[in-house]
There are 2 protein chains.
Amino acid sequence: MRLSIDKEQFLKGLAVASKAIGGKSPDPLLSNLKLNLNEKGLEITGTSKEITIKALVPYRVGEKEVIRAYGLGSALVNAKLLTEEVRLMEGAELSLEIIDECIAKIDDGRSSIRLNCVKASEFADIDLEPNGVILTLPASDLIQAIEQSAFAASNKEQRPILTAVNLEAGNGILTATATDSARLARKTINIDSDARFVCNVPAKTLVDVSRLFEGVDRVTLAVSESSILFLFENIVVCSRLVSGNFPVSRTIIPLTFNYFLEVNAQELLSAMSRASLISAERDSVVKLSMSEEEVQVSARGEQTGSALESIRTFQYTGERLDVSFNSAFVVDAIKALKTEDVRLCFQAEMKPFVVQNPKDDSVIELVTPMRTY
Amino acid sequence: MRLSIDKEQFLKGLAVASKAIGGKSPDPLLSNLKLNLNEKGLEITGTSKEITIKALVPYRVGEKEVIRAYGLGSALVNAKLLTEEVRLMEGAELSLEIIDECIAKIDDGRSSIRLNCVKASEFADIDLEPNGVILTLPASDLIQAIEQSAFAASNKEQRPILTAVNLEAGNGILTATATDSARLARKTINIDSDARFVCNVPAKTLVDVSRLFEGVDRVTLAVSESSILFLFENIVVCSRLVSGNFPVSRTIIPLTFNYFLEVNAQELLSAMSRASLISAERDSVVKLSMSEEEVQVSARGEQTGSALESIRTFQYTGERLDVSFNSAFVVDAIKALKTEDVRLCFQAEMKPFVVQNPKDDSVIELVTPMRTY
């Protein structure tokens with residue numbers, strides 16, 4: 001393998017594929033990127049056990065020649081070292097050559113770097129050809145579905161299924177649901193497709209993948225038995241799926257409520273931020289005390305003291321009600337809604353309540369209260 | 001104690017005094033700030049075993065009333081909680097009251113925060129009155145003396161004296177010297193004073209203190225047997241001194257050299273940054289190979305590979321010479337010089353060499369080579 005390549009395009013490909021590579025893996029091979037120069041361009045692939053990312057640097061981008069090939073081939077090179085060296089090199093064009101399958105030589109005329117490398121055949125082959133159910137949708141819709149659901153997934157490995165976002169397509173709708181069992185978030189988007197599938201994608205992976213969508217127009221999903229592919233521009237991402245049944249039914253979300261609070265999102269967030277500092281020692285629990293006359297947020301801590309916050313602008317319908325909850329859950333929910341005003345709908349003091357955007361019912365956030373002190 | 005206070009000025013004082021408070025101290029009292037409202041204003045004091053900082057928020061700043069006092073007094077309040085709550089409060093003016101010596105109540109009309117607090121008498125009194133030898137000098141001179149010396153101090157506690165910067169005043173000169181025994185940095189500044197003292201100040205403290213000098217005109221030092229005070233604007237900082245004799249004599253710096261390299265600082269830094277990645281596994285050692293025809297930087301790593309860098313613009317005087325060294329030492333030295341061109345002066349392959357600004361001999365950086373591979 002021998003080529004010359006535009007430094008910026010090379011670096012972009014390296015950066016994308018490197019995102020698959022986590023911290024220290026027990027398998028040192030996984031700290032490598034696979035470089036493969038073929039008739040499509042330079043394919044750069046990184047993988048962990050969770051996720052595989054392949055970025056293609058094409059021969060041309062528009063009018064501009066990006067790669068000039070003098071010999072096809074492939075090799076495995078340490079991801080971090082290669083990326084850092086390329087980043088630090090000063091030439092706009094680099095030459096890259098694999099010598100005797102064991103040295104990757106990178107040169108810009110001033111710097112000459114030789115990195116030890118490994119035969120590409122040492123890398124387990126991962127199938128990145130799309131098969132299974134195919135669904136193409138606007139990247140912005142998928143980003144929103146992820147942003148408004150994934151935060152509610154669990155980050156504890158005890159129940160792996162709760163670390164996933166449940167994606168369900170059918171009847172022209174894609175629903176993304178996540179829950180850590182104390183709260184739940186669900187976003188529904190319309191899809192222009194009769195695709196039908198259910199799968200559970202690790203929430204962390206989904207968030208990482210959505211960060212690659214910036215500036216992307218459309219994304220294609222390919223859902224098979226054990227994996228999901230995301231195909232967009234010159235990138236393919238493959239994530240494993242979490243097996244098992246997602247433990248949430250459509251009926252978990254209550255439909256009738258007795259108390260309604262509508263309030264400026266920023267004002268409620270500010271009040272909760274001050275109050276929750278006080279109760280940091282006990283899960284940042286805060287109490288919302290509501291009546292038609294006044295709405296207050298309060299918190300107490302054994303070590304710290306107490307906080308009492310008055311909400312100035314609100315609309316409340318219902319009897320007097322006190323509800324205590326982990327403030328982080330409500331903060332996350334409000335932030336995910338990205339709305340100016342927020343509506344909270346309660347059934348009773350100790351029943352799950354809903355946080356929603358009064359103007360958009362495609363997303364619903366459910367929070368379980370904590371026992372009032 | 002009861003007062004109303006301008007939020008921004010209060011926060012500024014809290015932020016400064018909090019810098020004395022480190023991470024988790026075994027003594028929970030040290031996580032508090034002492035608030036003391038007296039005839040000068042609100043004194044806010046934080047302390048650790050290493051350093052004490054007192055910031056005064058005065059009654060007036062220029063024309064502006066900052067504090068209105070309704071009752072003098074003092075108390076200890078948790079630094080982090082108080083600072084965070086004040087930062088998050090929305091009013092421009094806060095009222096602060098100590099109730100029954102055990103509650104600090106902060107109120108801006110919307111938020112009412114009550115923090116548990118402790119009697120001020122629980123705090124060990126630290127003498128912040130200047131005594132000993134007094135020296136006043138421009139803050140910018142002191143900043144430069146610290147920046148160009150402290151980085152060379154050791155960060156290992158085995159030999160405490162090497163974690164200090166040695167400050168020596170006399171004959172109208174202040175010299176700051178630091179060494180970790182493999183490298184040394186010394187900066188000399190002229191002082192308009194006949195003050196005479198020698199003391200060893202922990203380098204980390206000195207760097208932290210110098211960050212408080214931003215926008216400050218002049219700083220007064222007061223050096224006594226066991227501590228040094230820094231007095232500037234409304235702030236007093238007290239640092240303990242490291243006892244013992246600083247193990248560096250004036251004669252440690254060689255005066256005659258046989259080889260001289262003058263080179264663009266940025267070009268040498270860039271070449272070393274790429275090469276040192278390769279040798280990260282072995283102390284980032286790089287080799288500088290110099291002759292009148294060419295200058296190269298190279299590095300090798302068992303696991304990684306090799307790098308060879310050509311320096312394009314240089315002036316070299318002397319026979320052919322190869323010198324290997326820990327690149328971080330030379331990078332630190334060059335960065336501290338803040339100069340466009342840098343001169344390296346060598347005696348021999350294995351003798352300490354000097355890194356200096358060709359246009360300024362007030363600062364000298366000495367580096368011990370490593371054995372060439």
Side-chain angles (χ1 to χ4, degrees), chain A residues 28 31-32 77-78 80-91 94 99 102-118 266-267 269-281 295-313, chain B residues 28 31-32 77-78 80-91 94 99 102-118 266-267 269-281 295-313:
Chain A
S31 61
N32 290 311
V77 190
N78 182 277
K80 212 170 144 190
L81 203 50
L82 176 61
T83 307
E84 272 312 294
E85 290 291 8
V86 169
R87 190 192 312 283
L88 290 172
M89 287 178 95
E90 288 167 50
L94 310 179
I99 302 169
C102 65
I103 298 279
K105 182 180 167 201
I106 315 148
D107 201 301
D108 70 347
R110 169 180 302 202
S111 310
S112 175
I113 310 284
R114 287 158 173 267
L115 300 178
N116 297 343
C117 62
V118 180
Q266 199 47 56
E267 189 176 353
L269 286 175
S270 298
M272 287 198 297
S273 69
R274 290 183 292 267
S276 61
L277 279 179
I278 293 290
S279 54
E281 64 191 70
V295 171
Q296 291 182 324
V297 176
S298 60
R300 279 197 325 201
E302 199 68 32
Q303 307 288 327
T304 49
S306 63
L308 183 63
E309 299 280 338
S310 302
I311 301 293
R312 290 188 181 171
T313 344
Chain B
S31 61
N32 289 313
V77 190
N78 181 276
K80 211 169 145 193
L81 204 50
L82 177 61
T83 307
E84 272 310 294
E85 290 291 9
V86 169
R87 190 192 313 281
L88 290 172
M89 287 178 93
E90 287 167 51
L94 311 178
I99 302 168
C102 65
I103 298 277
K105 182 180 167 202
I106 315 148
D107 201 301
D108 70 348
R110 171 180 300 203
S111 310
S112 175
I113 311 282
R114 288 160 171 265
L115 301 179
N116 297 343
C117 61
V118 180
Q266 198 48 55
E267 189 176 353
L269 286 175
S270 298
M272 287 198 298
S273 70
R274 290 182 292 266
S276 62
L277 279 179
I278 294 290
S279 53
E281 63 191 69
V295 171
Q296 292 183 324
V297 176
S298 60
R300 280 198 322 203
E302 198 69 31
Q303 306 288 326
T304 49
S306 63
L308 182 65
E309 298 279 339
S310 301
I311 302 293
R312 290 189 182 170
T313 343

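Throughout, a chain's letter reflects where its sequence line sits, starting with A, and its residues are numbered from 1. Side-chain atoms are counted along with the backbone in the values below, which use heavy atoms only and exclude waters and symmetry mates.
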Response to the item:
Pair count under 4.5 Å, heavy atoms only, with chain A: among S310(B), A307(B), S111(B), S270(B), highest is S111(B)
Worksheet entry | From E85(B) atom CD to T304(A) atom OG1, the distance as rounded to the nearest 0.5 Å | 9.0 Å
Item to complete: Decide side chain to side chain contact (heavy atoms under 4.5 Å, CB included) for I113(A) and L277(B); before the verdict, give the C-alpha distance in whole Å, the side-chain angles of both, and the deciding distance to 0.1 Å.
Response: CA-CA 10 Å; I113(A) 310 284; L277(B) 279 179; over 6 Å; no
Worksheet item: Nearest 0.5 Å, what's the CE-OG distance between M89(A) and S273(B)?
Response: 11.0 Å
Response to the item:
R312(A) meets the side chain to side chain donor-acceptor pair (under 3.5 Å) criterion, sequence neighbours left out, with none
Discussion item. I need the residue from L115(A), I106(A), I311(A), V297(A) with the largest number of non-hydrogen atom pairs under 4.5 Å to chain B.
Written reply: L115(A)
Practice prompt. Applying side chain to side chain contact (heavy atoms under 4.5 Å, CB included), run through E90(A) and R274(B) and close with a yes or a no.
Written response: CA-CA 10 Å; E90(A) 288 167 50; R274(B) 290 182 292 266; 2.8 Å; yes
Discussion item. Among residues at least two apart in sequence or on other chains, which ones pass side-chain contact (heavy atoms from CB on, under 4.5 Å) with I103(B)?
Written reply: I99(B), R114(B), N116(B)
Item to complete: Below 4.5 Å from any heavy atom of chain A, which atoms of E302(B) appear? Answer side chain, backbone, both or neither.
Response: backbone
